[in-house]
> 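Would you mind keeping the following structure in view while I ask a few things?
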Protein chains: 2
Amino acid sequence: MFMAGDRLYVLLERLGNLLRTEERAAGLPHGLQPVHLQALRYLQACNRYSNTPAALTEYLGLTKGTVSQTLLLLEEKGLLRKEADTEDRRVIHLLLTEEGRAVLKEALPPELFKRALTRLPGDGAALEEALSELLSSLQAANDQRSFGVCGTCKHFQREGSGRFRCGLTREPLSREDSELLCREHAALPAGH
Amino acid sequence: MFMAGDRLYVLLERLGNLLRTEERAAGLPHGLQPVHLQALRYLQACNRYSNTPAALTEYLGLTKGTVSQTLLLLEEKGLLRKEADTEDRRVIHLLLTEEGRAVLKEALPPELFKRALTRLPGDGAALEEALSELLSSLQAANDQRSFGVCGTCKHFQREGSGRFRCGLTREPLSREDSELLCREHAALPAGH
DNA sequence: TCGATTTGTTTCGACTCGATACCAAATGCG
DNA sequence: CGCATTTGGTATCGAGTCGAAACAAATCGA
């Protein structure tokens, strides 16, 4: 009666709903919706090439008009500020304020999620691995970018003794840079 | 910098967003939103004790007012019909129409999801298992019902040769019944 | 019997989201 | 160079979700 992927789909759907509900509750005291928290979290984790409205739009999978509204609200609440790019005057960079970081730290991940994790057998590493695979597949199928961490990108170059460089922009990268999400991220060819 | 459960949370969040986006696209030709498809799917999979607005409300984790709206829309579109309960005149049973089943069959799971699954190594059984665990934990933490299939409930009783009974309602159950979701589902004590 | 609880509906307002139109800066091409 | 195209971002509108609260009706319980 059911196809193989069906149960998996239902599971993911329900988990997604649950997280959404928790996120709604977590954001309520700050007057934030789930999408606002997701935006803040992305901005906290992305690198300096990727903290723009356009990149956030791709990450969230929404339209740019919608995201523009979201950003307006977050700016009004003082959780982020906008800064013009020095090279391309169309581009705007989005920077979390201290308040923004504080909200994130308090609200995400929601308390109940953290508690539920402690009941899980094992450390969840295998689960994480499997979900990563699934996400990549889905992103590939949807022509979406992967938004992986810089250091796992095929453009990432090691120059010895903790010095790195991006093969795309040619810019040098610090160790901190190498741990941030990048919109230009391209997965390495298969094989670990 | 990141806690252990953090990456897992991000993964689930992103997968949830992706599924939601696909669901939105899948429902668009029928004028349906993600939540409408989820409601239809639940009604297709649940048993005769659980096809009521109240049960659907618990399943979706929304308020009853919201769900009432959803049901109004689905009824207007001819995807389900309401039927009064014969015993308790407050309760209403929700039954999918043929059109409702047809829409579900065509729209869920979305095409892209199915294609992405084929790229996954293995059959996803392990992933399914792990996600089930996680879902149970989260539901327990949120005081939510599990909505498992009837045959895995602690009230489920085997009476030999394909005959079953629900220890809660005392009613006999067919094999088909035993495979449906039940709002009264209570997990068996741990241990397989 | 009478109040409390449960089931479902209605109404209202805040908010998300996509669509569309629009503007400005950058890019590409003859 | 000059002009069309592309890209980044904003503004406005309408459809729709969602929670909160008030409401009605049936059932349950002391």
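Note that the structure is a prediction, hence the values are computed from the model and not measured. Below, read A as the first sequence line, B as the second, and so on, with proteins coming before strands; counting in each chain starts at 1.
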> Is there a path from A:Leu60 to A:Tyr49 through hydrophobic residues (I, L, V, M, F, W, Y) whose side chains come within less than 4.5 Å of each other?
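No, A:Leu60 does not connect to A:Tyr49 through the hydrophobic network.
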> Between B:Glu171 and B:Arg48, does any side-chain N to carboxylate O distance fall below 4.0 Å?
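A salt bridge links B:Glu171 with B:Arg48.
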> Would you please name every residue forming a salt bridge (Lys or Arg N to Asp or Glu O under 4.0 Å) with B:Arg89, sequence neighbours left out?
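Here no residue qualifies.
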> Is there a donor-acceptor pair under 3.5 Å between the side chain of B:Arg20 and the backbone N or O of A:Asn17?
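Side chain of B:Arg20 to backbone of A:Asn17, a donor-acceptor pair under 3.5 Å: no, none is there.
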> Can you name the residues that form a salt bridge (Lys or Arg N to Asp or Glu O under 4.0 Å) with A:Glu159, not counting sequence neighbours?
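Salt bridge (Lys or Arg N to Asp or Glu O under 4.0 Å) list for A:Glu159, sorted by chain: A:Arg165.
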> Hey, which of B:Leu40, B:Leu74, B:Leu71 is the one that makes side-chain contact (heavy atoms from CB on, under 4.5 Å) with B:Leu94?
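By the side-chain contact (heavy atoms from CB on, under 4.5 Å) criterion, B:Leu94 pairs with just one of B:Leu40, B:Leu74, B:Leu71: B:Leu71.
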> Using atom NZ of B:Lys77 as one end and atom C1' of D:dG16 as the other, report the distance to the nearest whole Å.
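Between C1' of D:dG16 and NZ of B:Lys77: 12 Å.
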> Contact list please: residues 12-27 of chain A against DNA chain C, heavy atoms, distance less than 4.0 Å, in numerical order.
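Heavy-atom contacts with DNA chain C come from A:Arg20.
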> Please tell me whether A:Leu62 and B:Val35 are part of a single hydrophobic cluster in this structure, the criterion being side-chain heavy atoms less than 4.5 Å apart.
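Shared cluster, yes.
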> Can you list the residues that meet the salt bridge (Lys or Arg N to Asp or Glu O under 4.0 Å) rule with A:Arg158, with sequence neighbours excluded?
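A:Arg158: no salt bridge (Lys or Arg N to Asp or Glu O under 4.0 Å) contacts found.
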> Between A:Gln69 and B:Gln69, name the one whose nearest nucleotide on DNA chain D is closer to the 5' end.
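With A:Gln69 and B:Gln69 compared, the 5'-side residue is A:Gln69.
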> Check nucleotides 5-10 of chain D against the protein and report each pair of N or O atoms closer than 3.5 Å, with its distance, or say if there are none.
from: D:dT7; atom 1: O2; to: A:Arg90; atom 2: NH1; distance (Å): 2.7
from: D:dG9; atom 1: OP1; to: A:Ile92; atom 2: N; distance (Å): 3.0
from: D:dG9; atom 1: OP1; to: A:Ile92; atom 2: O; distance (Å): 3.4
from: D:dG9; atom 1: OP2; to: A:Ala54; atom 2: N; distance (Å): 2.7
from: D:dG9; atom 1: N7; to: A:Lys64; atom 2: NZ; distance (Å): 3.0
from: D:dG9; atom 1: O6; to: A:Lys64; atom 2: NZ; distance (Å): 2.8
from: D:dT10; atom 1: OP1; to: A:Lys82; atom 2: NZ; distance (Å): 3.0
from: D:dT10; atom 1: OP2; to: A:Ser68; atom 2: OG; distance (Å): 3.2

> Give a yes or no on whether A:Leu168 and A:Phe164 share a hydrophobic cluster (residues Ile, Leu, Val, Met, Phe, Trp, Tyr; joining criterion: side-chain heavy atoms under 4.5 Å apart).
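No: no chain of side-chain contacts under 4.5 Å links A:Leu168 to A:Phe164.
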> For A:Arg89 and for A:Gly61, locate the closest nucleotide of DNA chain C by heavy-atom distance; then report the residue assigned to the nucleotide nearer the 5' terminus.
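In this pair, the answer is A:Gly61.
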> Do the side-chain N or O atoms of B:His36 get closer than 4.0 angstrom to the phosphate oxygens (OP1, OP2) of D:dG16?
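Answer is no, no contact under 4.0 Å.
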> Answer with yes or no whether the hydrophobic clustering places A:Phe156 together with A:Val149; edges join I, L, V, M, F, W, Y residues whose side-chain heavy atoms lie under 4.5 Å apart.
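In one cluster with A:Phe156: A:Val149, no.
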> Could you list where the contact with chain A starts and ends along DNA chain C, reading 5' to 3', using a 4.0 Å heavy-atom cut-off?
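So the contact region on DNA chain C extends C:dC15 to C:dA26.
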> If we check side-chain hydrogen bond (donor to acceptor under 3.5 Å, both in side chains) with B:His30, which of these qualifies: B:Glu106, B:His36, B:Lys77?
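The single option meeting the side-chain hydrogen bond (donor to acceptor under 3.5 Å, both in side chains) with B:His30 is B:Glu106.
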> Students often get this wrong, so: under 4.0 angstrom with heavy atoms, is B:Val67 touching a base, only sugar-phosphate, or nothing?
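Here B:Val67 touches no strand at all.
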